Asker: 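Sending over a structure as structure tokens; questions will come in a sec.
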Amino acid sequence: MKLKDLEFKKLIPSDRIEKKVASLADQINKDYENKTPVFLPVLNGSFMFASDLLKDITVLCRVSFVKISSYSGTASTGQLKTLIGHDESLFGLDIIIVEDIVDSGLTLQKIMEDLKGRGAKSVEAVALLRKQSAREKNIEVKYVGFELDNEFVLGYGLDYDGLGRNLRDIYKQVLPSSEK
Ligand code: 5GP
């Protein structure tokens, strides 16, 4: 599949995503059985994952969206914009950050620090995808769907230059043989 100047091929089909999302929700339902967590999906990329995950959550919960970005094109810029969204107090609450993908881990680290600073009782994260770079840096993500190499992916909420978020499967970039 070609999208603008880049070539992509299917990496994770929607039926595998669906099963994985259900199993992540199961784990969270067990761990938060007697709690009322607040889910904080990080927009824009996590909208589809969050929507599917939350339909499988059976514990009483709240949902509030946040937005932050460190990405430009296909590479992390390392530049973080500030976290915007949750104006209500999170003091004493159990927070679960919902991320589409953890790459450098900068975004997640920044959000976790911010929330702990606001007196959240506990802060955990659920990410559908985690790249090798985040594993090497030991970024703490309690619930992870799929482990990836350091490849650029799109679909299921993730974009390339604003395109491809609506795709139900996840695709990875096919690198020209000279860049492999
Ligand atoms: P990090 O701060 O961990 O480097 O990057 C996290 C954010 O960058 C993710 O929430 C996502 O929006 C974006 N991102 C990281 N890797 C990819 C990727 O392979 N594809 C796309 N489309 N976005 C990515």
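Only heavy atoms go into these numbers, but all of them, side chains included; no hydrogens, no water, no symmetry mates. Both ligands and their constituent atoms are indexed starting at 1 by order of listing. Just so you know, these numbers come straight off a predicted model, no measurement behind them.
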Asker: Evaluate the criterion salt bridge (charged side-chain N to carboxylate O under 4.0 Å, His left out) for residue pair D114 and R118; output intermediate values, then yes/no.
Answerer: CA-CA 7 Å; D114 184 295; R118 288 166 193 243; 2.6 Å; yes
Asker: Heavy-atom contacts with E99 under 4.0 Å: which atoms of ligand 1 show up? List them by number with element.
Answerer: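 Under 4.0 Å from E99, ligand 1 has these atoms: 10 (O).
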Asker: Does only the side chain of D100 get under 4.0 Å from ligand 1, or the backbone, or both, or neither? Count heavy atoms.
Answerer: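 The answer is the side chain.
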Asker: Give the minimum heavy-atom separation between G164 and L154, together with the two atoms involved.
Answerer: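 Answer, listing the atom of G164 first, then L154: CA-CD1, 4.1 Å.
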Asker: Taking 4.0 angstrom as the limit and counting only heavy atoms of S104, give me the atoms of ligand 1 inside it, by number and element.
Answerer: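 In order of numbering, the contacting atoms are 1 (P), 2 (O), 3 (O), 4 (O).
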Asker: For F146 and R16, which heavy atoms make the closest approach, and how far apart are they?
Answerer: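 For F146 versus R16, the nearest heavy atoms are CE2-NH2, 3.4 Å.
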Asker: Does G45 reach ligand 1, in the sense of a heavy atom lying below 4.0 Å from it?
Answerer: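 Distance cut 4.0 Å: G45 fails for ligand 1.
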Asker: If you look at every heavy atom in D169 and S14, which pair is closest and at what distance?
Answerer: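 Heavy atoms of D169 and S14 come nearest at OD1-N, 2.7 Å.
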Asker: I'd like to check which ligand 1 atoms, numbered from 1 as shown, lie under 4.0 Å from a non-hydrogen atom of T107.
Answerer: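 Those atoms are 1 (P), 2 (O), 5 (O), 6 (C).
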Asker: So, for M1 and E7, which heavy atoms are closest and what is the spacing to 0.1 Å?
Answerer: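 M1 and E7 have their closest heavy atoms at N-OE2, 3.3 Å.
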Asker: Using atom types as modelled and distance alone, determine if a side-chain donor or acceptor of K67 lies under 3.5 Å from a backbone N or O of N44.
Answerer: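 Not a single qualifying donor-acceptor pair exists.
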Asker: Ignoring angles and geometry beyond distance, decide whether G105 reaches within less than 3.5 Å of ligand 1 through its nitrogen or oxygen atoms.
Answerer: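 Between G105 and ligand 1, an N or O pair is found under 3.5 Å apart.
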Asker: Which residue from L148, V153, D103, I101 reaches closest to atom 21 (C) of ligand 1 through any of its heavy atoms?
Answerer: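 Comparing heavy atoms across L148, V153, D103, I101, the nearest one to atom 21 (C) of ligand 1 lies in V153.
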Asker: What are the two closest heavy atoms between G157 and F47, and how far apart are they?
Answerer: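 Shortest heavy-atom separation between G157 and F47 comes out as CA-CE2, 3.6 Å.
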Asker: Does F152 reach ligand 1, in the sense of a heavy atom lying below 4.0 Å from it?
Answerer: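 So F152 counts as touching ligand 1.
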Asker: Is V42 close enough to touch ligand 1? Criterion: a residue heavy atom under 4.0 Å from a ligand atom.
Answerer: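 It does not; every heavy atom stays at 4.0 Å or beyond.
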Asker: Where on E151 is there a heavy atom closer than 4.0 Å to ligand 1, on the side chain, on the backbone, on both, or on neither?
Answerer: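 For E151, only backbone atoms sit under 4.0 Å from ligand 1.
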Asker: Under 3.5 Å, side chain of N29 to main-chain N/O of D56, donor-acceptor pair present?
Answerer: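 Side chain of N29 to backbone of D56: a pair is present.
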Asker: Using the ring of each side chain (for Trp, its six-membered ring), is F152 parallel, tilted or perpendicular to Y160, with breaks at 30° and 60°?
Answerer: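 Rings of F152 and Y160: perpendicular, as their planes differ by over 60°.
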Asker: Of all the atoms in ligand 1, which lie at a distance below 4.0 Å from a heavy atom belonging to K131?
Answerer: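 Reading through ligand 1 atom by atom, the close ones are 16 (N), 17 (C), 18 (C), 19 (O).
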Asker: Can you list the ligand 1 atoms lying under 4.0 Å from a non-hydrogen atom of L106?
Answerer: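 Result: 2 (O), 3 (O).
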Asker: What do you reckon, does Q173 put a non-hydrogen atom under 4.0 Å from ligand 1?
Answerer: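 It does not; every heavy atom stays at 4.0 Å or beyond.
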